[in-house]
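Read the structure below first, then the notes.
These values consider heavy atoms only, across backbone and side chains, with no hydrogens, waters or symmetry-generated copies.
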Amino acid sequence: MIRQPFHLVEYSPWPLTAAIGALLMTSGTAMWFHGHGMFCMTIGLIIILLTMLQWWRDVIREGSYLGFHTSMVTKGLRWGMILFITSEILFFFAFFWAFFQSSLAPTPELGCSWPPTGIYPLNPFAIPLLNTAVLLASGVTVTWAHHALIEGNRKEAIQALTTTVMLGMYFTLLQSMEYWEAPFTIADSVYGSTFFVATGFHGLHVLIGSMFLLVCLIRTSLHQFSSGHHFGFEAAAWYWHFVDVVWIFLYLSIYWWGS
């Protein structure tokens, strides 16, 4: 048998099931918006969650038990995560472009003013400011968890990760309350559209990041990370810091300057 530092991935059904789940969930969500029930969306969501569970299980087996994640493979995973976060930056760049395109030169249809005539924006020094503090605090705790892992202090890493996940859930709860009490909707001109699309996708990323960190918390509890082998956590930490930075730009531009 020829030994080489690369990991040749075996055939897997999970990319196919993920694609099917994403198709069902997105089309089902559109059907739900038009009053056709939540059945298709729910089935798609269940398929997505089961796929995540199985796919992560396989990756954990490859990295923690089978020894496939060599230094060369880990280097490739790092570059893969860097490119993924870069694509996410460009994704949010489009939303900021739409916001500034409309806000810097408001058209007569918007009343030649920003916020548009008839729109009453949220107070940036209420829930949005609290959410900013929550996310900044979560950035500190996830960094604390990283340093604890490097030093081999599993107890502190678990404490810091637990705090980070709780802060992420608290952020999601606060944003849900904000949406519920907002005096405008996604249908209220380009202001409502850019606000809910940009902040909504960010909220989705917070949920994904919280799940990512929750998996890392479980793996840390099961002794699957060591001081020199914990890229799964590093990738989650990078993603979480990216979410923090995007929120700062959202707060400064849409909540504060845009109001």
Q. Is it true that Leu50 and Met52 fall in one hydrophobic cluster, defined by side-chain heavy atoms closer than 4.5 Å?
A. no
Q | By ring-ring contact (aromatic ring centres under 6.0 Å, His included) - contacts of Phe93 (at least two apart) | A | Trp97
(Q) Other residues, nucleotides and ligands only: do more than 12 of their heavy atoms fall within 6.0 Å of CH2 on Trp256? (A) no
Q: Look at the side chain of His230 and the backbone N and O of Ser226, then say whether any donor-acceptor pair between them is shorter than 3.5 Å.
A: yes
Q) Under the 3.5 angstrom rule, does the side chain of His146 hit a backbone N or O of Val142 as a donor-acceptor pair? A) no
Q.
Thr164 vs Leu217, test: side-chain contact (heavy atoms from CB on, under 4.5 Å). Steps then yes/no.
A. CA-CA 10 Å; Thr164 307; Leu217 173 59; over 6 Å; no
Q.
Can you confirm whether or not the ring centre of Tyr251 sits under 6.0 Å from the ring centre of His202?
A. no
Q. Should Ile119 and Val197 be counted in the same cluster of Ile, Leu, Val, Met, Phe, Trp and Tyr side chains packed under 4.5 Å apart?
A. yes
Q: Check whether the ring centres of Phe92 and His205 lie less than 6.0 Å apart, and answer yes or no.
A: yes
Q: Spell out, yes or no, whether Trp55 and Phe231 are grouped together once hydrophobic residues are joined by side-chain heavy atoms under 4.5 Å, including indirect joins.
A: no
Q: Please say whether more than 12 non-hydrogen atoms of neighbouring residues, nucleotides or ligands are located less than 6.0 Å from CH2 in Trp56.
A: yes
Q: Please collect all side chain to side chain donor-acceptor pair (under 3.5 Å) contacts where either partner lies in residues 121-133, sequence neighbours excluded, each pair once.
A: Thr132-Trp247
Q.
Which label fits Trp114 and Tyr191: parallel for a plane angle under 30°, tilted from 30 to 60°, or perpendicular past 60°?
A. tilted
Q | Beyond-backbone contact of Leu213 with Tyr239, side-chain heavy atoms, under 4.5 angstrom | A | no
Q. Would Phe242 and Met81 count as a side-chain contact (heavy atoms from CB on, under 4.5 Å) if you check the C-alpha gap in whole Å, the side-chain angles of each, and the deciding distance to 0.1 Å?
A. CA-CA 12 Å; Phe242 156 74; Met81 194 65 191; over 6 Å; no
**Q.** Main-chain N/O of Thr199 paired to Gln175 side chain as donor or acceptor, under 3.5 Å
**A.** yes
**Q.** Output field: ring centroids Phe99/Phe195 closer than 6.0 Å
**A.** no
Q. Is it true that Val246 and Phe91 fall in one hydrophobic cluster, defined by side-chain heavy atoms closer than 4.5 Å?
A. yes
**Q.** Co-membership, hydrophobic cluster, residues Ile47 and Leu45, 4.5 Å side-chain
**A.** no
Q. According to the interplanar angle, ranging from 0 to 90°, do the rings of Phe96 and Phe100 count as parallel (below 30°), tilted (30 to 60°) or perpendicular (above 60°)?
A. parallel
Q | Test item: Asp188 side-chain N/O and Thr185 main-chain N/O as donor-acceptor pair under 3.5 Å | A | yes
Q) Is a donor on one side and an acceptor on the other found under 3.5 Å between the side chain of Ser138 and the backbone of Leu135? A) yes
